[in-house]
Amino acid sequence: ATKRSLCRVKDRLSARLLPDGSAPPSFFEVDLQLNGLGVCLHPSIDDIQNAINGGAVAVLKCSKMIEAWDTVTIPRNVQLLLNPNLPPVRGTGSQGTFYDRVAQDREILKVVLLLTGSIQSARNECDRFLEHFSPWRWLWSDDINEEYKSFLASEPTLDEFESKLRSFGKVDAGVDELEPRRQISALMLQTGGLAQNLKELANKWRESFARELHNQAFQRLEALSEIIKRTMKKLNREVADGDIDALGHVMQTLQEVRERQGEIELEFEPITQMYAILDTYLPNILDKEEQDARSMLQSNWIRLLAESETRQEELTVKQVQFKRNLIKTVHAFKRDVEKFRKDYEEHGPMAKGIKPSQAVERLKRCREEFEVHGRKKKIFHLGEDLFGLPHQQYTQLDQTKKELNYLGQLYELYTAVLETIKEWKEYLWIDVPKQMDQMKREADEFAHRCKKMPKQLRQWPAYHELKREIEAFQEVLPLLMELSKKSIQPRHWQQVNEFTGKDLQIEREDFRLQSLIDAHLNDFKDEIMDICESADKQLVFEEKISDVQATWATTTFEFTTWKTREIPCILVGSKVTEIQEALEETQMWLNTMNAQRHSAPFKDELIAMLTALSDTADTIERWFKVQQMWTSLESVFTGGDIAKQMPMEAKKFSQIDKDWVKIMQKSAETRLVVECCRNDLLRQMLPVLAAGLEMCQKSLESYLEGKRQKFPRFFFTSDPVLLKILSQGSDPETI
């Protein structure tokens, strides 16, 4: 039964013709669909094959629950071969199930294997059938916007546009010609859903292109309707008696209508053709307002032409009276121009004896009056053109225009200069240094613009006033730059106050630049520059004095041990020499600085430093001399036969040695040169130690002299050799 069922399924899926020569009925119905990348089958070939395989397995498992008494359990490897995705099944009884016997049957296994590939033979034929849809691939693969841009770049005519829209309609006809279904093997391919999708895509392309065409048509319709509306409004302007401006306006409009009639009428045909195309390919897209504008376009134009002819006839009748009135008005205008010029010369911005601020106000007034006369002149010229009259000349008005232009340049710069300087005067003095570069740039720019003024302006008093204003600020600006330096101290501001006679309270937080400019610093330019120069040099002095103080605040002695002593008890000689040379050089430089006139503010400080360094140099010199005497006597009086022969001197030296070690330990803790030399203990002990060591030295010299008297051959030895001999007198072998 299992074998017959599987064979029946195999025969049903077979593509062999029936005995009567007809194709067997299809077993599966498959829809053709778009998946975004192309045309595909739904369900796919793989899905159909999996369903067939599942059916074969289901047929095999029908006997799985029927136990057999003479079967052997199917081998595990055979079950895995049949379906590797299912675990092996064993019967519940000791004899297994009929499934075990069915699964081992060679014929059944052969049929099952044939079923696993029964539908694959249709794959290639299905792919070939899908190629029939490749001509419409652009419907889903191309971008509509990009394609439209490319099409528009070719500057298509309306006929080409219509042809493009027609091509989208041909897609529907081509799709309708497709067979609704196609049988391939056991598959029945249904094309109905795909055909509907293709039609929808083609319609989307057609609508997109048609909407773009509609945008163009609407823009041109709207623009042309607006021209007609605006022109009609101009034509309907009322022309009163003597209103040359209105007459000229209407006459000019009539001329524009005549000149543009052919151009405008050429616009009607493409607009009409565009909307005819839209009626065919995108009906019902127009709203009521657009439909009305479309239908009224031609009639509005005809009405405009009729109105222009009517207005032309009306104005022809009035031209004689207008011409007569124009001649009278022009004569009256000439007299008005003469009056305006006279008033301009007497009470205008160039009148003598007025302040620049008054001139600016008069310039503004005269400009307004000139604008009125200029408009009238323009209207009269238009009327003269209308009636074929020669243009009247207004030389006084032209001269006034030229002078007003020059004055505008001049007083525009003058106003800018005054406003800028006024703004600068409001700066807080503490903010001036960071604004100084900008102020200098703008002042130089003002000077450059003033220099570039036309030659005609350079003779006017206002030009000289502007130039003086700029130059005055340019002169005071260097003084402000100098006074804003960090070298300027309160003492320098006090000197500035003394010269100017002003009380410039520069230390106040609200002190402004206005106060300095009002002090007329230019009148004391040399004195202030001298103060600033002195301040710069004093700053250099102050920095050098600070360097000297910092140097000597950190300069130190170097101490070392002496012979067998473990504690530092002498100064390093090379370092002492170096310190003495530095002290001498520093004192020489301080004396030179003290002799200069710019050092006056630092006199007390310089004198104090000179005194301190001079005392330090004297102390070091005395200290080093004491050290030399101590080192020469230390070995004599601290051991040997001489100390025994001179007990009084040895005892005295012992006390001196204790004091010396004490002050050296104290100094070694401090190490700083100036601080050590200022130590009261050191300064008090050095003279005492020097006197005691000199007495010990003299006693030693007397002792040596006595030995030479007793043994004359000692006269041929130096003091150090003799001292060495005498100190080892108890050791004959060494002697």
Side-chain angles (χ1 to χ4, degrees), residues 355-357 360 410-453 461-544 546 596-602:
K355 296 180 179 179
S357 57
V360 171
L410 178 62
Y411 285 109
E412 179 183 354
L413 178 58
Y414 184 82
T415 303
V417 169
L418 290 184
E419 290 179 353
T420 304
I421 294 178
K422 182 180 179 181
E423 179 184 352
W424 291 345
K425 287 179 179 180
E426 293 300 317
Y427 285 166
L428 292 175
W429 177 246
I430 58 175
D431 297 331
V432 168
K434 56 187 176 184
Q435 300 289 344
M436 196 62 69
D437 291 339
Q438 179 186 355
M439 292 165 64
K440 186 177 185 306
R441 285 195 301 270
E442 292 190 22
D444 292 342
E445 177 64 21
F446 287 147
H448 177 73
R449 289 174 60 184
C450 182
K451 186 178 179 181
K452 291 294 184 179
M453 285 286 178
Y463 174 82
H464 297 292
E465 178 70 21
L466 171 63
K467 187 177 180 182
R468 282 194 300 270
E469 191 75 27
I470 296 174
E471 290 176 349
F473 191 82
Q474 284 187 310
E475 289 178 6
V476 77
L477 191 58
L479 299 179
L480 297 176
M481 295 178 69
E482 292 294 327
L483 290 172
S484 65
K485 291 182 178 178
K486 66 177 182 178
S487 60
I488 303 298
Q489 301 296 325
R491 61 177 179 272
H492 303 119
W493 283 109
Q494 184 60 36
Q495 293 176 349
V496 173
N497 289 342
E498 293 173 0
F499 281 118
T500 59
K502 304 289 184 181
D503 183 17
L504 301 175
Q505 299 179 9
I506 198 70
E507 67 281 357
R508 290 177 51 183
E509 294 184 357
D510 60 346
F511 186 79
R512 300 184 183 275
L513 184 59
Q514 172 79 50
S515 301
L516 282 176
I517 294 178
D518 293 344
H520 303 293
L521 300 180
N522 287 340
D523 297 340
F524 312 97
K525 180 178 179 180
D526 295 337
E527 292 82 355
I528 293 176
M529 291 301 293
D530 185 62
I531 292 173
C532 295
E533 181 181 358
S534 177
D536 291 340
K537 293 182 178 179
Q538 288 173 4
L539 179 62
V540 175
F541 287 174
E542 189 174 0
E543 291 174 350
K544 288 185 177 179
S546 298
Q596 298 185 19
R597 69 184 183 91
H598 300 296
S599 64
F602 315 111

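- Side chains of L477 and M436 form a contact here, defined as non-hydrogen atoms less than 4.5 Å apart.
- Applying the salt bridge (charged side-chain N to carboxylate O under 4.0 Å, His left out) test to E527 and every residue at least two apart in sequence or in another chain returns nothing.
- Within 6.0 Å of NZ on K525 lie no more than 12 heavy atoms contributed by other residues, nucleotides or ligands.
- With sequence neighbours left out, P433 forms a side chain to side chain contact (heavy atoms under 4.5 Å, CB included) with S484.
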Report the C-alpha separation of L418 and K422 in whole Å, then their side-chain angles, then the decisive distance to 0.1 Å, and conclude whether the side chain to side chain contact (heavy atoms under 4.5 Å, CB included) test is met.
-> CA-CA 6 Å; L418 290 184; K422 182 180 179 181; over 6 Å; no
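- L480 has its side chain within reach of L521: a pair of non-hydrogen atoms, C-beta onward, lies under 4.5 Å apart.
- Scored by the side chain to side chain contact (heavy atoms under 4.5 Å, CB included) test, S534 finds Q538, H598 as partners (sequence neighbours excluded).
- Contact between L504 and A519 at its shortest, heavy atoms only, is CD2-CB, 4.4 Å.
- For R468, the salt bridge (charged side-chain N to carboxylate O under 4.0 Å, His left out) test picks out E465, with sequence neighbours left out.
- The list of side chain to side chain donor-acceptor pair (under 3.5 Å) pairs with a residue in residues 426-452, not counting sequence neighbours, reads Q438-E442, K440-D444, D444-Q474.
- Contacts classified as side chain to side chain donor-acceptor pair (under 3.5 Å) and involving residues 493-503 (residues at least two apart or in different chains) are given here: D503-Q505.
- Applying the side chain to side chain contact (heavy atoms under 4.5 Å, CB included) test to E543 and every residue at least two apart in sequence or in another chain returns L539.
- Across F524 and F499, no two heavy atoms sit closer than the pair CE2-O, 3.2 Å.
- Shown here for I488 and A535, the closest heavy-atom pair between the two residues is CD1-CB, 3.7 Å.
- Pairing each heavy atom of A443 with each of I470, the nearest pair is O-CG2, 4.2 Å.
- Legend: ring-ring contact (aromatic ring centres under 6.0 Å, His included) pairs involving residues 468-487, not counting sequence neighbours, sorted by first then second residue: W424-F473.
- Applying the salt bridge (charged side-chain N to carboxylate O under 4.0 Å, His left out) test to E469 and every residue at least two apart in sequence or in another chain returns nothing.
- The backbone N or O of K486 sits less than 3.5 Å from a side-chain atom of Q489, completing a donor-acceptor pair.
- Qualifying salt bridge (charged side-chain N to carboxylate O under 4.0 Å, His left out) partners for R508, counting only residues two or more places apart in sequence or in other chains: D510.
- In this structure, V540 and D536 have side chains that are not in contact, with every pair of non-hydrogen atoms separated by 4.5 Å or more.
- Two residues are said to be in side-chain contact when any heavy atoms from C-beta on lie closer than 4.5 Å; I531 and E482 fail this criterion.
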